[in-house]
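Each remark here refers to the structure printed beneath this line.
Treat the numbers as computed from the prediction; the structure is a model and nothing was measured.
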2 protein chains.
Amino acid sequence: MAGDEPVSIWLRPERQERSGPGRRPGFSREQITRTAVQIADTGGVDAATMRRIAYELGTGAMSLYRYVPRRDDLYDLMIDLAMSEIELPAGPSGDWRSDLTLLAGQIRAAGLRHPWLVALLTSRPNLGPHLLRVHEFGLSALDGLGLDIDDMTGLVGILGDYVHSAIRREISWLEEAGRSGLDPERWKRDYIGPYVRQVVESGAFPLFSRTMLDSRTAHLTPGERFGHGLDRVLDAIAALITSSRSSRSQEG
Amino acid sequence: MAGDEPVSIWLRPERQERSGPGRRPGFSREQITRTAVQIADTGGVDAATMRRIAYELGTGAMSLYRYVPRRDDLYDLMIDLAMSEIELPAGPSGDWRSDLTLLAGQIRAAGLRHPWLVALLTSRPNLGPHLLRVHEFGLSALDGLGLDIDDMTGLVGILGDYVHSAIRREISWLEEAGRSGLDPERWKRDYIGPYVRQVVESGAFPLFSRTMLDSRTAHLTPGERFGHGLDRVLDAIAALITSSRSSRSQEG
DNA sequence: TTCATTTGCGTACATGGTACCTGAAAGGCT
DNA sequence: AGCCTTTCAGGTACCATGTACGCAAATGAA
């Protein structure tokens with residue numbers, strides 16, 4: 001009765017308010033999702049088990065299955081709830097660069113608030129309404145610049161790839177450190193340090209070693225590093241906009 | 001005795017060949033890793049359980065822990081084994097663009113041969129020797145072009161972000177479909193189709209809808225699509241190389 | 001009231017990682 | 001040879017997890 005048909009969660013509306021017979025629901029999808037998000041925020045996504053969520057709601061694990069078909073669907077709902085927090089203007093400002101900077105910053109903020117978000121987002125296909133909304137804003141920022149829809153989708157994709165990967169890089173060390181129970185600084189020194197030192201001293205990877213030794217970005221805050229990389233990507237997008245436009249004007 | 005100290009697997013060498021007393025090992029890390037890879041290739045990474053791997057080797061699950069401290073470490077070993085299959089020339093050719101194209105193609109091939117590879121690779125920090133080797137080749141392709149090490153690392157990063165994300169996009173639909181037991185085409189039609197159709201018909205996301213309806217890349221093979229996106233990224237890298245170079249020559 | 005319907009949720013099972021422990025090899029020493 | 005020390009093999013067991021099943025309680029309609 002639970003997950004018999006593999007139908008997208010977005011096409012499985014919650015039981016509606018109807019006025020027939022039967023017991024009234026005591027919970028809701030949103031309430032369950034919100035609880036799951038809260039647990040995952042503080043204890044990691046693995047802590048948000050069905051039992052734990054139910055316990056937090058003061059009920060039994062199996063009650064949740066009246067609202068959510070499968071655990072995986074709950075993941076989709078969590079993603080969508082987190083994406084719903086992203087605040088964007090109603091339409092693009094006309095300055096695509098600042099629009100995309102804003103967009104990237106909002107996604108990063110959501111990714112840091114919910115350290116599990118990007119990992120889930122990139123580990124499964126997701127087309128939740130709020131992801132679509134965010135994606136649409138990215139496309140709209142590039143609309144009207146003379147690009148065709150495939151170019152626009154491609155550029156938003158490159159931006160998304162960077163943003164997701166950068167956030168993951170920013171988070172994954174913290175996560176991994178947390179799993180060992182140590183604080184990140186100490187973990188980096190004791191766990192990663194010795195290995196990297198050995199790699200550098202082996203001399204086998206000279207350019208990688210230069211990254212480790214000569215980097216001038218090591219002292220930057222994570223946020224500054226994110227911004228640097230983002231600027232690089234936006235420069236690339238700018239270059240592609242002009243080249244794509246000129247090649248199209250040659251064609252037409 | 002198993003995973004007491006959280007020390008990188010790369011610093012925990014396998015029990016050496018020594019000539020003291022004691023029973024001889026019947027297996028090896030590599031043998032176990034190879035078996036795990038084989039299972040994951042055909043049945044997905046979730047099928048490669050400790051019990052299943054042990055069964056395939058004709059032994060008990062607990063025997064594996066003589067060779068691998070934790071399951072997570074086995075993931076790292078699997079990643080490294082898959083990366084070891086990537087064949088690269090000894091050094092860069094002097095044509096950075098063809099070098100990076102070769103590199104991307106090799107990674108894509110490995111990612112398709114081992115559908116679990118990219119998911120694991122991007123879900124946890126990994127610094128295995130073969131990943132370092134591949135990374136080093138990417139850096140070497142950009143060496144000597146007048147970029148500093150941070151720029152080089154940044155550009156290889158952008159390339160990697162695209163390659164990983166593109167491979168994941170290419171695979172994740174297949175994976176998701178496989179989980180339902182349906183063939184991908186049917187799954188896409190029955191599972192995704194109705195939802196996308198509803199989204200398009202709602203009119204709420206006009207640009208996303210144009211991607212779905214007007215896309216001129218829909219008929220391309222996955223490989224061609226990958227190549228298109230890659231070219232775009234390489235164009236962007238080319239643009240950044242010239243801009244980075246010119247800004248540096250202004251400074252000095 | 002009686003009944004159909006829907007929710008709440010305890011119980012139970014399959015599957016996973018892995019700690020612990022006992023016994024079996026395998027070489028060195030006397 | 002016989003014994004000792006070291007190492008490997010792997011059974012048993014424990015705990016956590018997703019979730020199928022079934023029944024009791026609630027609720028409105030007839």
Please table the atom pairs, donor to acceptor, closer than 3.5 Å between any side-chain atom in residues 192-205 of chain A and protein atoms at least two apart or in another chain.
from, atom 1, to, atom 2, distance (Å)
A/Tyr195, OH, B/Leu127, O, 2.6
A/Ser202, OG, A/Val199, O, 2.7
A/Ser202, OG, A/Ala204, N, 3.2

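Residue B/Tyr65 places no side-chain N or O under 4.0 Å from the OP1 or OP2 atom of C/dC21. In this structure, B/Arg71 reaches the C/dG17 phosphate: one of its side-chain N or O atoms is under 4.0 Å from OP1 or OP2.
Spacing between atom CG of A/Asp46 and atom P of C/dG16 amounts to 16 Å, rounded to whole angstrom units. At whole-Å resolution of the value, OH in A/Tyr55 and P in D/dT17 are 14 Å apart. Atoms CG (B/Leu64) and P (C/dG16) sit 14 Å apart, rounded to a whole Å. Summarising the geometry, the separation between OH on B/Tyr67 and P on C/dT18 is reported as 18 Å, rounded to the nearest angstrom. The nearest whole Å value for the distance from the CZ atom in A/Arg24 to the P atom in C/dT5 is 15 Å. Per the geometry, CG belonging to A/Leu74 stands 10 Å off P belonging to D/dG18, to the nearest Å. Rounded to an integer number of Å, the gap from B/Ile53 CD1 to C/dG16 P is 11 Å.
Checked by distance alone, B/Arg51 brings a side-chain donor or acceptor within 3.5 Å of a matching partner on the base of C/dG17. Counting atom types as modelled, A/Arg66 pairs a side-chain N or O with a base atom of C/dG8 as donor and acceptor under 3.5 Å. In terms of polar N and O atoms assigned as donor or acceptor, the side chain of A/Arg23 never comes within less than 3.5 Å of the base of D/dT27 in a complementary pairing.
Of the N and O atoms on the side chains of A/His114 and A/Glu85, at least one donor lies less than 3.5 Å from an acceptor on the other residue. Side-chain polar atoms of B/Asp46 and B/Trp116 form no donor-acceptor pair below 3.5 angstrom.
A/Val118 pairs with exactly one of A/Arg108, A/Glu170, A/His164 by the side chain to side chain contact (heavy atoms under 4.5 Å, CB included) rule, that one being A/His164.
In this structure, A/Arg12 does not pair ionically with A/Asp73, as no charged nitrogen and carboxylate oxygen lie closer than 4.0 Å. Ion pairing of B/Arg70 with B/Asp76 is absent here, as no side-chain N (NZ or NE/NH1/NH2) approaches a carboxylate O to less than 4.0 Å.
Here the nucleotide nearest the side chain of B/Thr49, chosen from D/dT27, C/dG16, C/dT18, is C/dG16.
Scanning residues 26-40 of chain A for heavy-atom distances under 4.0 Å to DNA chain C yields A/Gly26, A/Phe27.
Sequence neighbours left out, the pairs with a member in residues 56-65 of chain B that pass salt bridge (charged side-chain N to carboxylate O under 4.0 Å, His left out) are B/Arg52-B/Glu56.
Projected onto DNA chain D by closest heavy-atom contact, A/Ala47 and A/Met62 fall at different nucleotides, the more 5' of which corresponds to A/Ala47.
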